[in-house]
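See below for the structure under consideration.
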Amino acid sequence: MTVREILKMGDTRLLRVAQSVTDFDSDALHLLITDMLDTMLAANGAGLAAPQIGVDLKLVIFGSNARNPRYPDRPLVPQTVLINPVIMPLSDLQEMDWEGCLSVPGLRGEVPRWSNIRYTGFDQYGDPIDRTADGFHARVVQHECDHLIGTLYPMRMRDFTKFGYTEVLFPGTAADQDD
């Protein structure tokens, strides 16, 4: 169990496309997931993708069993290990909302995301996952899965007047904590 270094925007490793996981239920995979959970919790993250710690695998974790101090007003998202994910929008409807990222610390931006999605993949044991999600849950899944294709949330933004430092955009709120 180790808290790993989170790569920051500008590190070219964040722009790579991740490779599929082929070895499920292995000691190495379980150790990686434990390290990712420890890293996400230490940073008060809502999610973390393996590429954010320099591992080029299609593996994301997200959610929590308790309120996140960085997102105190957001609904709980089930704690999930999602491997080799596929996201399918359930409609063309998109919503704009603010996002932060552990790889883009101290900044927030307004990002469009599909409102309702279906996501599939596998857990760490190779068992299938097939869920629908909307709202914050859908946003978190899409954000984390973007890391698997080398995309950071600023690359999705349409209006850079809605991009800035959290302490300036949201002074005196929990959202102004370091991302």
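Everything numeric in this text was worked out from a predicted model, so none of it was measured.
Following chains of ILVMFWY side-chain contacts shorter than 4.5 Å, one can reach M9 starting from M155, so the two form part of one hydrophobic cluster. Taking hydrophobic clusters as Ile, Leu, Val, Met, Phe, Trp and Tyr residues chained together by side-chain heavy-atom distances below 4.5 Å, I117 does not share a cluster with L93. No chain of hydrophobic side-chain contacts below 4.5 Å, direct or via other Ile, Leu, Val, Met, Phe, Trp or Tyr residues, connects V86 to I129. Residues V17 and L152 fall into different hydrophobic clusters, defined by Ile, Leu, Val, Met, Phe, Trp and Tyr side chains chained together at heavy-atom separations under 4.5 Å. Criterion: ILVMFWY side-chain heavy atoms under 4.5 Å apart, direct or through other members. Under it, I149 and L15 are not part of a common hydrophobic cluster.
Listed by first and then second residue, the ring pair (Phe, Tyr, Trp, His ring centres under 6.0 Å) pairs that reach into residues 34-59 come to none, sequence neighbours excluded.
In this structure, the side chains of L59 and I33 come closer than 4.5 Å at one or more pairs of heavy atoms. Side-chain contact between V104 and E99: absent, with no pair of heavy atoms (C-beta onward) separated by less than 4.5 Å. Two residues are said to be in side-chain contact when any heavy atoms from C-beta on lie closer than 4.5 Å; F24 and N84 meet this criterion. The shortest distance between side-chain heavy atoms of D25 and L29 does not fall below 4.5 Å. Looking only at side-chain heavy atoms (C-beta outward), W98 and T166 stay at 4.5 Å or farther from each other. Side-chain contact between R108 and F170 is present, with heavy atoms from C-beta onward closer than 4.5 Å. By the 4.5 Å heavy-atom criterion applied to side chains, V141 and I87 are counted as neighbours. When side chains are defined from C-beta on, I61 does not count as touching T80, because their heavy atoms never get closer than 4.5 Å.
Once rounded to the nearest 0.5 Å, the distance linking OH of Y165 with CG of L107 reads 5.5 Å. The line from CG of D146 to SG of C101 is 10.0 Å long, rounded to the nearest 0.5 Å. Distance CE/M96 to CD/E110: 4.5 Å, rounded to 0.5 Å. Atom CG in L14 sits 5.0 Å away from atom CG in L7 (nearest 0.5 Å). Distance check: N44 CG to L102 CG gives 9.0 Å after rounding to the nearest 0.5 Å. Taking CG of L37 as the reference point, atom CG of L32 lies at 9.5 Å (rounded to 0.5 Å).
Between the side chain of Q124 and the backbone N or O of V81 there is no donor-acceptor pair closer than 3.5 Å. With R139 contributing its side chain and V111 its backbone, the two residues share a donor-acceptor pair below 3.5 Å. A donor-acceptor pair is defined here as one N or O able to donate and one able to accept, closer than 3.5 Å; such a pair exists between the side chain of Q142 and the backbone of A138. The backbone N or O of D35 lies less than 3.5 Å from a partner atom in the side chain of T39, making a donor-acceptor pair.
Ring orientation note: the planes of H137 and F62 are tilted relative to one another, at an angle of 30° to 60°.
In this structure, K162 places its NZ atom where only 12 or fewer heavy-atom neighbours from other residues, nucleotides or ligands lie under 6.0 Å away. Residue-environment remark: CG (D92) stays at or below the threshold of 12 foreign heavy atoms within 6.0 Å. When the shell of 6.0 Å around CD of Q19 is examined, it contains 12 or fewer heavy atoms from other residues, nucleotides or ligands. Residue D127 qualifies as enclosed at atom CG: its count of foreign heavy atoms under 6.0 Å is above 12.
Here the closest non-hydrogen pair linking A133 and Y119 is CB-CE2, 4.0 Å. When all heavy atoms of L82 and G121 are compared, the pair lying nearest together is CD1-CA, 3.9 Å. I6 and A43 make their closest contact through CD1-CB, 4.1 Å (heavy atoms, listed as atom of the first residue, atom of the second, distance). Residue G135 comes nearest to E95 through the heavy atom pair CA-OE1, 4.4 Å, listed as atom of the first residue, atom of the second, then distance. Taking every heavy atom of both residues into account, L90 and T132 meet most closely at CD1-CG2, 4.0 Å. Taking all atoms of both residues into account, the shortest heavy-atom contact from G100 to H143 is O-CE1, 3.3 Å.
Between the side chains of T120 and R131, not a single donor N or O lies within less than 3.5 Å of an accepting N or O.
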Ignoring hydrogens and angles, write down the donor-acceptor pairs under 3.5 Å from the side chains of residues 47-55, residues two or more places apart or on other chains.
from, atom 1, to, atom 2, distance (Å)
Q52, OE1, A49, N, 2.9
Q52, NE2, S103, OG, 3.0

Exercise. Under the salt bridge (charged side-chain N to carboxylate O under 4.0 Å, His left out) criterion, do R113 and D97 qualify, and how do the steps go?
Worked result: CA-CA 8 Å; R113 298 283 184 191; D97 205 350; over 6 Å; no
For this session: For ring pair (Phe, Tyr, Trp, His ring centres under 6.0 Å), just list the numbers for H30 and Y125, CA-CA rounded to whole Å, side-chain angles, deciding distance to a tenth of an Å, and then say yes or no.
Result: CA-CA 9 Å; H30 290 296; Y125 304 103; 5.3 Å; yes
